[in-house]
2 protein chains.
Amino acid sequence: MSLRYALLALLRVGPLSGYELQKLFAESVGHVWHAPDSQIYPELKRMESDGLITGEEQTRGQRGRRRVYHVTDRGGEDFFAWANAPMEYSRVRDPAHLRAAYLESASDDAARDFLTAHARHHRELLRRWRDEIARIRSGEHPMVQRRLAAIPEQERERAVAFKVFAYEGLAQRAEAEIRWAEQGLQLLNRLAGEEAPVTAG
Amino acid sequence: MSLRYALLALLRVGPLSGYELQKLFAESVGHVWHAPDSQIYPELKRMESDGLITGEEQTRGQRGRRRVYHVTDRGGEDFFAWANAPMEYSRVRDPAHLRAAYLESASDDAARDFLTAHARHHRELLRRWRDEIARIRSGEHPMVQRRLAAIPEQERERAVAFKVFAYEGLAQRAEAEIRWAEQGLQLLNRLAGEEAPVTAG
DNA sequence: CTAAACATGTAAAGCGTTACATGATTCG
DNA sequence: CGAATCATGTAACGCTTTACATGTTTAG
């Protein structure tokens, strides 16, 4: 159900075609909530049939067409309801930590590879979050630009602060994952050291 | 696909009926990878038809029956392949951080509620992870008990170390989430303070 | 005898992934 | 005229959730 609100958030700032929305999505909210095109187009149709948005059919050239979506009153209300409702947390289901619990069944090399890959993966994410934060702060971020143009000046600081806050959380989480993977590598070294303490002497 | 390996991990230690497995699951791996009964029974059937486990039909009393599952050679190999294979990370899709990015659209009260609930949720999780770690270290943990009985003494330290490591990662993540929520509350206070600095004087 | 625990599922719906599929327009 | 970009989807499959559905055995 979150995709719907991520899309609504972008459309609330101003009408967009499915294609524009999809492009904008990929370089903004898509960092926090990934969705491929093949999910976005059908979801827009469903949102229209649910009365949250209306599609305005436009022509492009001779035969080209595109559908530009506008948020309805109902859509705006739904968005605010979502933004104000208590969150429902889903049950824990974490592939990486499940794997970690069974690292004893892996070879030393595989365990090491797992941990270095985990650190690498989260370093990459961390880079992305830090980039996003810099772009938001500098006003380059496309979502923030559109958003800031649409709201009174007083509220801009607030809008920027919450966007930065959200990405900060993801960055801090990535940092925690990196530290954890490094602890795991230390654990591997310690276990390897204990395994053959006599033969080493 | 992880459920299958979580189940295989438990069965590898010794045969269990679907019911026993389901109970044991809930108080062990289920903390890391939640799955309801209604998912476990069908998955066992699928695993059997895929040749990873075999079901041995037993009777209980007059009419009662139960199916006890054993891991096949194929199942054991599959498990090791899983434990040694590189992880595939799925795209980011995080409801809480998506919501945080749009906290500007929420009322101050709703934002505060969201953040306190987030902290509360992760404090609860943290308590659970810390509990699990204590139970693993003390040898009370049912999964670890069964597991330790099945492996040579030298490898026990290794097995315990990795279990603790996995839960430590979850605990550290929970701590990061709590810190983040607290930063968010500070942000709210700061924004509230700036909003009406003159009327306060 | 009755409640708790044992025991095992089916059905429907929603969400997400991956692969497939097609065509128009604009810019160089 | 060819490539990039614009533009919009369908189909199949798998995982997860939620609700429903049923019956047996054992301990008190």
Side-chain angles (χ1 to χ4, degrees), chain A residues 1-8 15-27 29-30 32-50 52-53 55-69 82 88-95 98, chain B residues 1-8 11 15-27 29-30 32-50 52-53 55-69 82 87-95 98:
Chain A
M1 270 286 114
S2 287
L3 174 58
R4 158 164 308 206
Y5 297 103
L7 295 174
L8 223 36
L16 290 166
S17 71
Y19 185 78
E20 287 170 328
L21 182 54
Q22 181 233 109
K23 289 290 162 192
L24 187 59
F25 187 92
E27 54 178 283
V29 216
V32 182
W33 191 274
H34 169 79
D37 321 0
S38 61
Q39 207 187 344
I40 291 177
Y41 286 112
E43 182 62 26
L44 287 171
K45 285 213 160 172
R46 244 171 287 142
M47 288 164 74
E48 185 168 13
S49 79
D50 289 349
L52 305 182
I53 57 179
E56 176 198 345
E57 196 77 26
Q58 293 183 349
T59 51
R60 256 186 91 235
Q62 306 296 301
R63 260 181 293 269
R65 58 169 189 124
R66 60 183 224 148
R67 199 165 177 81
V68 174
Y69 291 100
W82 170 78
E88 280 178 30
Y89 289 88
S90 54
R91 308 302 201 91
V92 179
R93 194 172 287 117
D94 189 310
L98 177 62
Chain B
M1 272 286 113
S2 288
L3 174 57
R4 157 165 308 208
Y5 297 103
L7 296 173
L8 224 36
L11 284 176
L16 290 167
S17 71
Y19 185 79
E20 286 170 328
L21 182 55
Q22 180 234 110
K23 289 289 163 193
L24 188 60
F25 187 92
E27 51 178 286
V29 217
V32 182
W33 192 273
H34 169 79
D37 323 0
S38 60
Q39 207 187 343
I40 291 177
Y41 286 112
E43 183 62 26
L44 287 170
K45 286 213 159 172
R46 244 170 288 143
M47 287 164 74
E48 185 167 14
S49 80
D50 288 349
L52 305 182
I53 58 179
E56 176 199 345
E57 196 77 25
Q58 292 183 350
T59 52
R60 258 185 89 235
Q62 306 298 301
R63 258 181 293 268
R65 58 170 188 122
R66 60 183 223 146
R67 202 168 175 77
V68 174
Y69 291 101
W82 171 78
M87 272 269 299
E88 280 177 28
Y89 290 88
S90 54
R91 309 301 202 93
V92 179
R93 195 171 288 115
D94 190 308
L98 177 63

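The chains referred to below are lettered A, B, ... by the order of the sequence lines, with proteins before strands, and numbering in each begins at 1. Just the heavy atoms: all of them, side chains too, but no hydrogens, waters or symmetry mates, feed the values below.
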### Summary
Met47(B) atom CE is separated from dT8(C) atom C1', nearest whole Å, by 17 Å
### Task
Between Arg46(A) and Pro42(B), just flag the one whose closest nucleotide in DNA chain C comes earlier from the 5' side.
Pro42(B)
### Query
For Arg65(A) and dT22(C), what is the distance between atoms CZ and P respectively, to the nearest whole Å?
15 Å
### Query
Considering heavy-atom distances to DNA chain C, does Arg91(B) or Arg66(B) have its closest nucleotide positioned more toward the 5' end?
Arg66(B)
### Message
With heavy-atom distances below 4.5 Å as the criterion, would you say the side chains of Gln22(A) and Leu16(A) are in contact?
### Response
no
#### Entry: Rounded distance (nearest 0.5 Å) linking atom CD of Gln58(A) with atom CZ of Arg67(A)
10.5 Å
### Query
Base, sugar-phosphate, or nothing: which does Gln62(B) touch, judged by heavy atoms less than 4.0 Å apart?
sugar-phosphate
### Query
Whole Å only: how far is the CD atom of Gln58(A) from the P atom of dA24(C)?
19 Å
### Query
Taking atom C1' of dG9(C) as reference, at what distance in whole Å does atom CD of Glu57(B) sit?
13 Å
### Distance, rounded to the nearest Å, where Tyr41(A) contributes OH and dC15(C) contributes P
20 Å
### Task
May I have the distance from Tyr69(B) (atom OH) to dA7(C) (atom C1'), rounded to whole angstrom?
11 Å
### Query
Base, sugar-phosphate, or nothing: which does Ser90(A) touch, judged by heavy atoms less than 4.0 Å apart?
nothing
### Query
Could you give the CD1-to-P distance, from Ile40(B) to dT17(D), as a whole number of Å?
11 Å
### Query
Is there a side-chain polar atom (N or O) of Lys23(A) under 4.0 Å from OP1 or OP2 of dC6(D)?
no
#### Entry: Under-3.5 Å donor-acceptor pair between Ser38(B) side chain and dT18(D) base
yes
#### Entry: Pairing of Lys45(A) and Glu48(A) as salt bridge, 4.0 angstrom limit
no
### Whole-Å gap separating P (dT17(D)) and CD (Glu43(B))
13 Å
### Task
Ignoring the backbone of Trp33(B), work out which of dT16(D), dT26(D), dT8(C) is nearest its side chain.
dT16(D)
### Message
Of the listed nucleotides (dA5(C), dT8(D), dG16(C)), which one gets closest to any side-chain atom of Tyr19(B)?
### Response
dA5(C)
### Euclidean distance, Leu8(A) CG relative to Met47(A) CE, rounded to 0.5 Å
4.5 Å
### Task
Could you tell me whether Arg66(A) and Glu57(A) have a side-chain N and a carboxylate O separated by less than 4.0 Å?
no
### Query
dA7(D) phosphate, OP1 or OP2: any side-chain N/O from Arg60(A) under 4.0 angstrom?
yes
### Task
Look at the side chain of Arg93(A) and decide which nucleotide, out of dT16(D), dT8(C), dT25(D), has an atom nearest to it.
dT16(D)
### Task
Measure from the side-chain heavy atoms of Arg63(B) and tell me the nearest of dT8(C), dG9(D), dT25(D).
dT25(D)
